Amino acid sequence: MTSHASRVLVLNSGSSSVKYQLLDMTDGTRLALGLVERIGEETSRLSHTPLVSGGAKREHEGPIADHEAALKAVATELAADGLGLDSPELAAIGHRVVHGGLKFTVPTVIDDAVLAEIERLVPVAPLHNPANITGIRTAQALRPDLPQVAVFDTAFHTTMPEYAARYAIDVATADAHRIRRYGFHGTSHAYVSRQTAALLGKDPAETNVIVLHLGNGASASAVAGGRCMDTSMGLTPLEGLVMGTRSGDIDPAVTFHLKRVAGMSADEIDVLLNKKSGLLGLCGDNDMREIRRRIEEGDERAQLAFDIYIHRLKKYIGAYTAVLGHVDAVAFTAGVGENAAPVREAAIAGLEELGLAVDAGLNAVRSDAPRLISPEYSRVAVAVVPTDEELEIAQQTYALVNA
Ligand code: AMP
């Protein structure tokens, strides 16, 4: 590889969207970022923001038939900024891949065998892996000569102890169908737990952190010295915390009940629990900003949804305190965790016995920087640590192709 190839394109391909960022890894600078939405519809939308030489955001609406057309449109936008994908400065393309099963514990250069294995995992990630595979194939067709790297959402959690990863069900049945707790958002949990240690001025290998990744999807993890000991998502991203549209933990018998008594099909139950539940199902809104606005106006449904969300969060903070034994910090991250001070305040309220407290003044400060929001006397630090999955994917990709 030529020594000046220092750029990495990060692709996050969803079923009808592609998010991307182009970074320069000499210093981690972002050169451009954007999003293609509603791929395959008449009203597809591309928004592209060049971050070099003062370029302004550009938006285009109009049909984009498939992922290939989407990536070609992205390539055209990048080329217009002098950042074309044919540039010799592009070192690699890093792909977010949601499910890596047990096999992929580290970022991996993609070849036919790797792609076949990602495909083999489709039954355990039917919503995510097919889109990731399409993204990879499209990028390969565009730049067949370039290393393409898969960075797995599950990788960080593969070090979970067996007792945390197994469900207490018949072992033969579980193994035959690869049913176990894989966990997701791993790139974020890895990044945020390391950044939290840095914020405390400690070695990550000697720091125990509870990471609360609260976005539209949400998950918690218990990280001891850089190793994931438990995480709240399981076989799929449905388990655990109350999310924007997902129920999180429920009695599995609810699903039999819905089938037997309500006559719903497996697919209908899947849609109910993944897309129509959580905050949305509880109060009709999944955006925490809107829920807080309604609460300010005295809306009781919004208040109850908020209380259920917080109650679940508290249960996980307590559980992971017990799992870790000693906790150095609780770190809030992602859209809700980074922005919603009332969520942080409510989640920590009453947990003084666990050594946790939030300083109201510090909690109210808005900032993009990692910061502490606990008072001096707090035994356990409470932190807000912005996540950066794209930077983490780019760093892992770049490190791998330069190894
Ligand atoms: P993410 O999935 O990490 O992009 O997070 C998206 C979610 O973050 C949105 O659905 C909102 O609920 C939440 N969010 C973003 N900004 C704010 C804010 N200023 N206050 C409260 N919640 C926010």
Side-chain angles (χ1 to χ4, degrees), residues 10 12-21 30 33-37 47 49 96 98 127-128 131 153 183-193 195 211-221 231-233 237-238 240-248 274-297 299 301-310 312-313 331-348 358 360 363-371 373 383-393:
V10 175
N12 182 353
S13 307
S15 55
S16 65
S17 70
V18 177
K19 274 191 233 160
Y20 62 93
Q21 285 195 9
R30 252 160 268 257
L33 56 82
L35 168 68
V36 189
E37 292 170 285
S47 81
T49 309
R96 175 186 183 214
V98 169
L127 298 178
H128 296 99
D153 250 28
F184 298 89
H185 292 143
T187 307
S188 177
H189 287 285
Y191 178 82
V192 170
S193 56
Q195 292 292 114
V211 178
L212 303 171
H213 177 112
L214 311 177
N216 197 30
S219 63
S221 69
T231 193
S232 59
M233 285 177 167
L238 182 56
L241 300 173
V242 175
M243 310 183 209
T245 65
R246 297 188 193 121
S247 62
N274 274 296
K275 303 234 162 95
K276 297 184 181 171
S277 296
L279 293 169
L280 181 72
L282 287 167
C283 75
D285 273 306
N286 62 325
D287 191 315
M288 190 55 80
R289 284 164 289 204
E290 188 56 20
I291 291 169
R292 288 305 310 169
R293 195 192 58 71
R294 284 172 55 185
I295 290 171
E296 299 298 321
E297 290 177 351
D299 186 318
R301 260 180 83 201
Q303 181 70 59
L304 180 59
F306 184 83
D307 292 346
I308 294 169
Y309 182 95
I310 296 296
R312 185 80 51 85
L313 206 46
F332 287 88
T333 194
V336 175
E338 291 167 31
N339 296 297
V343 168
R344 299 190 296 254
E345 182 191 329
I348 299 299
V358 162
N363 192 32
V365 174
R366 297 196 66 86
S367 160
D368 290 336
R371 58 201 184 272
I373 57 167
V384 181
V385 179
T387 191
D388 195 338
E389 290 167 281
E390 288 78 15
L391 178 63
E392 178 75 12
I393 291 171

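In this chain, residues are counted from 1 in sequence order. Fair warning: this is a prediction, and the values are worked out from it, not measured in the lab. Worth knowing before you read on, the calculation uses all heavy atoms, side chains too, and leaves out hydrogens, waters and symmetry mates. Counting starts at 1 for both ligands and their atoms, following the listed order.
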Next item on the list: Could you list the atoms of ligand 1 found under 4.0 angstrom from a heavy atom of Ala340?
Entry: 21 (C)

Margin query: Please check whether Ala334 reaches ligand 1 - meaning an N/O of the residue sits under 3.5 Å from an N/O of the ligand, judged on distance alone.
Written below: no

Check: Is atom 12 (O) of ligand 1 close to the protein, meaning a heavy atom under 4.0 Å from it?
Finding: yes

Notebook entry, point to check: Can you tell which of Thr245, Leu279, Asp287, Asn339 gets a heavy atom nearest to atom 19 (N) of ligand 1?
Noted result: Asn339

Next item on the list: Write out the residue and atom name of the closest protein heavy atom to atom 7 (C) of ligand 1, then the distance separating them to 0.1 Å.
Entry: Asn216 N, 4.1 Å

Margin query: With a 3.5 Å distance limit and no angle check, can you tell me whether Arg371 reaches the backbone of Asn363 through a side-chain donor-acceptor pair?
Written below: no

Check: Are Arg246 and Asn216 close enough that a side-chain donor and a side-chain acceptor fall under 3.5 Å?
Finding: no

Notebook entry, point to check: Less than 4.0 Å between a side-chain N and a carboxylate O, is that true for Arg30 and Asp388?
Noted result: yes

Next item on the list: Looking only at protein heavy atoms, identify the closest one to atom 9 (C) of ligand 1 and say how far it is in Å.
Entry: Arg289 NH2, 4.1 Å

Check: Which atoms form the tightest heavy-atom contact between Ala305 and Leu279, and what is the distance?
Finding: O-CD2, 3.8 Å

Next item on the list: Name the closest protein heavy atom to atom 14 (N) of ligand 1, giving the residue it belongs to and the distance to 0.1 Å.
Entry: Gly335 O, 3.6 Å

Check: What is the ring orientation for His213 with His189, classed by angle as parallel under 30°, tilted 30 to 60°, or perpendicular over 60°?
Finding: tilted

Check: Hey, are Gln303 and Asp299 close enough side-chain-wise for a donor-acceptor pair under 3.5 Å?
Finding: no

Check: Got a donor-acceptor contact below 3.5 angstrom from the Thr245 side chain to the Asn274 backbone?
Finding: yes

Item checked: Gly215 neighbourhood, listing ligand 1 atoms whose heavy-atom distance to it stays under 4.0 Å -> 1 (P), 2 (O), 3 (O), 5 (O)

Notebook entry, point to check: Any N/O of His213 closer than 3.5 Å to an N/O of ligand 1?
Noted result: no

Notebook entry, point to check: Leu214 to ligand 1: N or O pair under 3.5 Å?
Noted result: no

Item checked: Sub-4.0 Å atoms of ligand 1 with respect to non-hydrogen atoms of Val336 -> 8 (O), 12 (O), 13 (C)

Next item on the list: Using the test salt bridge (Lys or Arg N to Asp or Glu O under 4.0 Å), find all partners of Arg312 that sit at least two apart in sequence or belong to another chain.
Entry: none

Note to self: To check your reading of the model: name the closest protein heavy atom to atom 22 (N) of ligand 1, its residue, and the distance in Å.
What the structure shows: Met288 CB, 3.5 Å

